[in-house]
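Beneath this line is the structure, given in structure tokens, with notes to follow.
Small disclaimer: the values here were computed from a predicted structure and weren't measured.
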Amino acid sequence: MSTYNFDQIIKRTGTSSVKWDETTSVFGYGDVLPMWVADMDFQCPNEVTAAIREKAEHGVYGYTSVPLSNRESVQSWLKKRHKWNVEKDWLSYISGVVPALSAAIQSLTEQNDKVILFSPVYYPFFDMIKWNERKLVTSPLHYENGRYYMDLDHFESMIDEDVKLLLLCNPHNPGGTVWSKEELKQLGDICVRHNIKVVADEIHGDHVLKGHSYTPFASISEEFAQLSVTCIAPTKTFNIAGLQAAVMIIPNKEIRESVNLFQMKQGTIMLNTFGIIAMEAAYRYGDTWLGEVLEYIEKNMEIAISFIDSELPELRVAKPEGTYLLWIDCRALKLTDGQLKERLLQKGKLALDFGKKFGNEGDGFIRMNVACPKEILLDGLARLKQALA
């Protein structure tokens with residue numbers, strides 16, 4: 001029997017929700033169903049809510065340090081879920097994974113150094129490289145039968161003496177590929193050979209579907225650990241992104257001190273009081289909730305894929321290996337990016353993420369978030385059909 005009712009529709013409009021309240025500013029339309037931003041329309045674990053409520057009722061919200069018990073909860077979670085033993089000293093706290101990417105870029109590279117990534121990929125990767133005045137190098141991923149593959153020969157050919165850093169998305173967003181240990185090992189061997197540091201965004205590591213296994217890049221070998229910064233957070237896992245709490249795992253002392261010094265220069269050395277509380281409660285008590293939400297999301301995936309296969313046969317969509325995001329191939333429709341947006345927003349009244357946002361290699365794709373009650377999912381699928389059939 002399920003503990004949680006994920007069929008419950010929770011009204012999010014009027015709550016300052018980016019996903020639900022910012023559609024007009026982002027898309028130009030306010031009367032659309034939002035299935036874009038990667039947060040879930042589910043309440044977080046009861047234990048997290050209880051911990052926040054207890055702290056709120058205390059009534060004093062002064063400067064708050066991260067207690068040892070929080071570090072221990074992170075360690076325990078990684079060991080139990082992912083068989084990765086990390087030391088307490090390796091943990092550096094920060095408000096989010098995107099700020100972590102920026103901190104790592106600024107700490108480990110100089111202006112005009114090159115940063116390489118695989119495209120398409122989570123769009124803030126591009127932003128952090130550009131806004132921090134580094135040079136972007138892209139290695140296109142190969143898409144085959146609904147899965148992405150790294151072209152490691154091409155990747156290595158793009159490396160010269162100015163390439164200092166790789167931004168890696170593991171598991172992959174938007175495509176949903178969960179990189180295998182062997183794929184990551186081959187990639188890491190190239191990075192070791194060329195002395196390329198790796199900043200791994202692994203925020204989706206807990207959202208892996210049945211039959212697949214997430215491997216933290218830094219857990220594969222000591223060599224990989226010593227050149228890596230791993231970025232994780234409970235925020236994506238447990239739907240608490242608004243609480244702004246993340247962790248960088250940095251085994252290399254020199255790299256860790258460099259990143260920490262950058263944070264001190266920026267004055268970003270404290271987390272929000274409630275973020276600290278929520279992180280620990282989630283990692284200590286969130287197992288049951290996560291197990292149930294993964295089952296619910298998997299069923300939603302199957303419903304959506306079956307619908308698209310039968311009602312929109314020109315589209316191509318495969319069940320992802322991880323995340324709660326569907327990456328839908330619309331290229332057979334031969335619509336321009338503008339035409340695709342017009343169809344979805346004006347005809348379907350549906351707000352999705354458009355593929356080109358994730359790099360040129362995403363052109364012709366759309367990303368749909370299915371971490372929502374079934375009723376909302378079915379509404380979104382009907383709108384998708386109305387727009388594209």
Side-chain angles (χ1 to χ4, degrees), residues 15-18 21 37 39-40 43-79 86-108 124 127-128 131-132 199-203 205-206 228-286 289:
T15 64
S16 299
S17 163
V18 171
D21 290 328
V37 172
D39 71 8
M40 298 183 268
Q43 289 184 334
C44 68
N46 294 334
E47 294 86 352
V48 174
T49 303
I52 292 172
R53 184 178 292 116
E54 180 181 355
K55 184 65 176 179
E57 290 174 351
H58 181 257
V60 179
Y61 316 126
Y63 296 121
T64 307
S65 61
V66 178
L68 178 61
S69 59
N70 187 293
R71 293 178 181 273
E72 290 172 343
S73 73
V74 175
Q75 286 180 293
S76 176
W77 182 263
L78 291 171
K79 182 177 181 179
V86 306
E87 302 293 334
K88 296 183 185 73
D89 292 344
W90 297 357
L91 307 183
S92 294
Y93 290 80
I94 194 165
S95 61
V97 166
V98 174
L101 299 178
S102 179
I105 289 169
Q106 294 195 52
S107 304
L108 305 178
D127 295 338
M128 292 303 103
W131 294 343
N132 284 303
V199 179
D201 170 2
E202 305 198 352
I203 197 169
D206 293 317
S228 67
V229 176
T230 303
C231 308
I232 67 167
T235 52
K236 197 71 68 179
T237 303
F238 300 104
N239 205 36
I240 52 175
L243 293 174
Q244 299 286 291
V247 182
M248 295 178 287
I249 304 165
I250 315 175
N252 183 303
K253 183 179 179 183
E254 183 179 346
I255 294 176
R256 186 168 65 249
E257 289 179 347
S258 177
V259 174
N260 289 346
L261 177 61
F262 170 79
Q263 287 188 264
M264 286 189 281
K265 288 178 179 178
Q266 297 296 305
T268 56
I269 55 174
M270 284 190 176
L271 291 188
N272 178 282
T273 298
F274 295 105
I276 296 168
I277 294 292
M279 177 185 288
E280 183 169 342
Y283 280 144
R284 287 197 182 280
Y285 309 113
W289 184 92

Query raised in the report: Between the side chain of S76 and the main-chain N/O of S73, is any donor-acceptor distance below 3.5 Å?
Result: no
Query raised in the report: Taking atom CZ of F262 as the centre, does the number of heavy atoms from other residues, nucleotides or ligands within less than 6.0 Å exceed 12?
Result: yes
Requested in this report: Name the orientation class of the two ring planes belonging to Y283 and W77 (parallel below 30°, tilted from 30 to 60°, perpendicular beyond 60°).
Outcome: tilted
Query raised in the report: What is the distance from atom CE of M128 to atom CD of Q106, rounded to the nearest 0.5 Å?
Result: 9.5 Å
Query raised in the report: Would Q43 and T49 satisfy side-chain contact (heavy atoms from CB on, under 4.5 Å), going step by step from the backbone distance to the final call?
Result: CA-CA 9 Å; Q43 289 184 334; T49 303; over 6 Å; no
Requested in this report: Report the distance from atom CD of Q263 to atom OG of S102, rounding to the nearest 0.5 Å.
Outcome: 10.5 Å
Query raised in the report: Has the side chain of N272 got a donor or acceptor atom that lies under 3.5 Å from a matching backbone atom of A245?
Result: no
Requested in this report: Please examine the side chains of V86 and T230, heavy atoms only from C-beta on, and report whether any two atoms are closer than 4.5 Å.
Outcome: no
Requested in this report: Compare all side-chain heavy atoms of I276 with those of P67 and state whether any distance is below 4.5 angstrom.
Outcome: yes
Query raised in the report: Can you tell me how far CG of L243 sits from CD1 of I52, rounded to the nearest 0.5 angstrom?
Result: 5.0 Å
Query raised in the report: Would M279 and V247 satisfy side-chain contact (heavy atoms from CB on, under 4.5 Å), going step by step from the backbone distance to the final call?
Result: CA-CA 10 Å; M279 177 185 288; V247 182; 3.8 Å; yes
Report task. Answer yes or no: is there a donor N or O on one side and an acceptor on the other, between the side chain of W90 and the main chain of R256, under 3.5 Å? Result -> no
Report summary line: For residues 266-283, the salt bridge (charged side-chain N to carboxylate O under 4.0 Å, His left out) pairs (sequence neighbours left out) are E280-R284
**Report entry** V199 side chain near I105 side chain, heavy-atom distance below 4.5 Å
**Finding:** no
Query raised in the report: Between A233 and V97, what is the shortest heavy-atom contact and its length?
Result: CB-CG2, 4.4 Å
Query raised in the report: Just by distance, do the side chain of S258 and the backbone of S107 share a donor-acceptor pair under 3.5 Å?
Result: yes
Requested in this report: Report the distance from atom CG of L101 to atom CG of N132, rounding to the nearest 0.5 Å.
Outcome: 10.0 Å
**Report entry** Verdict with reasoning, L91 to N70, per side-chain contact (heavy atoms from CB on, under 4.5 Å)
**Finding:** CA-CA 10 Å; L91 307 183; N70 187 293; over 6 Å; no
**Report entry** Side chain Y93, main chain M270, donor-acceptor under 3.5 Å
**Finding:** no
Requested in this report: Flag the pair V74 / I232 as yes when at least one side-chain heavy-atom distance between them is below 4.5 Å, and no otherwise.
Outcome: yes
Query raised in the report: Where is the tightest heavy-atom contact between I277 and K55, given as atom of each residue plus distance?
Result: CG1-CG, 4.2 Å
**Report entry** Donor-acceptor under 3.5 Å (N239 side chain, M40 main chain)
**Finding:** yes
Query raised in the report: What is the minimum heavy-atom distance between F238 and P45, and which atoms define it?
Result: CD2-CG, 3.7 Å
Query raised in the report: Which atom pair, heavy atoms only, marks the closest approach of W289 to C44?
Result: NE1-C, 3.7 Å
Query raised in the report: What closest approach, in Å, do D21 and S16 show between heavy atoms, and which atom pair accounts for it?
Result: OD2-N, 2.9 Å
Query - Considering all heavy atoms, the nearest I240-P234 contact - result: CG1-O, 3.7 Å
Query raised in the report: Under 4.5 Å between any side-chain heavy atoms of V18 and D39, yes or no?
Result: no
Report summary line: Between the CD1 atom in I249 and the CD atom in Q75, the distance rounded to the nearest 0.5 Å is 10.0 Å
Report task. Calculate, to the nearest 0.5 Å, the distance between atoms NE2 and CD belonging to H58 and E54 respectively. Result -> 9.5 Å
